[in-house]
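First up is the structure itself, then whatever we jot down about it.
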Amino acid sequence: MLTGGVVATFVGADLAGGPPVLALYRPGEDASVDGAGIEMARPVGRSVRRSMAGGSRARVDEVLAELVALPVDADVTPSVGAWSVAAKTAVDLVARAGSGPL
């Protein structure tokens with residue numbers, strides 16, 4: 001899910017109370033025919049335009065195991081690599097907290 005040029009961007013909770021998620025998409029890939037995808041704000045000159053990119057949303061807990069399991073030298077985008085480091089650090093801190101004072 002996180003390889004092949006996928007970019008991961010954090011999206012906070014929506015106004016309807018949905019959980020924060022990672023938007024997973026491939027830059028330049030258009031939304032699917034059925035209209036599913038990620039709404040993006042993209043710079044165009046000195047303004048910003050909305051567009052749809054092909055992709056999906058995933059809760060962090062849905063991709064946590066995959067992020068933690070990625071090798072340091074995995075062939076992933078910088079954003080996925082950064083999320084992998086963040087996930088590994090968070091899991092490490094939780095594990096340390098369970099074994100005594102930090």
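All values reported here derive from a predicted model rather than from experimental measurement. We number each residue from 1, following the sequence as shown.
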Specify the closest pair of heavy atoms between Pro19 and Arg59, including all atoms of both residues, with the distance to one decimal. CG-CD, 3.7 Å
Find out if a path of hydrophobic residues (ILVMFWY) with successive side-chain heavy-atom gaps under 4.5 Å connects Val76 to Phe10. yes
Do the side chains of Val21 and Val63 join up, straight or via other hydrophobic residues, at under 4.5 Å, putting them in one cluster? no
Please identify each residue that fulfils side chain to side chain contact (heavy atoms under 4.5 Å, CB included) with Thr89, with sequence neighbours left out. Val85, Leu93
Hey, does the side chain of Lys88 reach the backbone of Leu70 with a donor-acceptor pair shorter than 3.5 angstrom? yes
side-chain hydrogen bond (donor to acceptor under 3.5 Å, both in side chains) contacts touching residues 66-76 (sequence neighbours left out): none
Taking only residues two or more places apart in sequence, or in another chain, which ones meet Val7 in a side chain to side chain contact (heavy atoms under 4.5 Å, CB included)? Thr9, Tyr25, Pro27, Thr77, Ser79
If every non-hydrogen atom of Ala58 is compared with every non-hydrogen atom of Leu24, which pair is closest and at what distance? CB-CD1, 3.9 Å
Between Asp92 and Arg96, is a salt bridge (Lys or Arg N to Asp or Glu O under 4.0 Å) present by the stated rule, with each step listed? CA-CA 6 Å; Asp92 182 58; Arg96 289 175 191 237; 2.8 Å; yes
Grouping I, L, V, M, F, W and Y whenever their side-chain heavy atoms are under 4.5 Å apart, do Leu22 and Leu64 come out in a common cluster? no
Any chance you could lay out the side chain to side chain contact (heavy atoms under 4.5 Å, CB included) test for Met1 and Val6, step after step, and finish with the verdict? CA-CA 8 Å; Met1 180 187 294; Val6 169; over 6 Å; no
Measuring from atom CG of Leu67 to atom CD of Glu62, what distance do you get when rounded to the nearest 0.5 angstrom? 11.5 Å
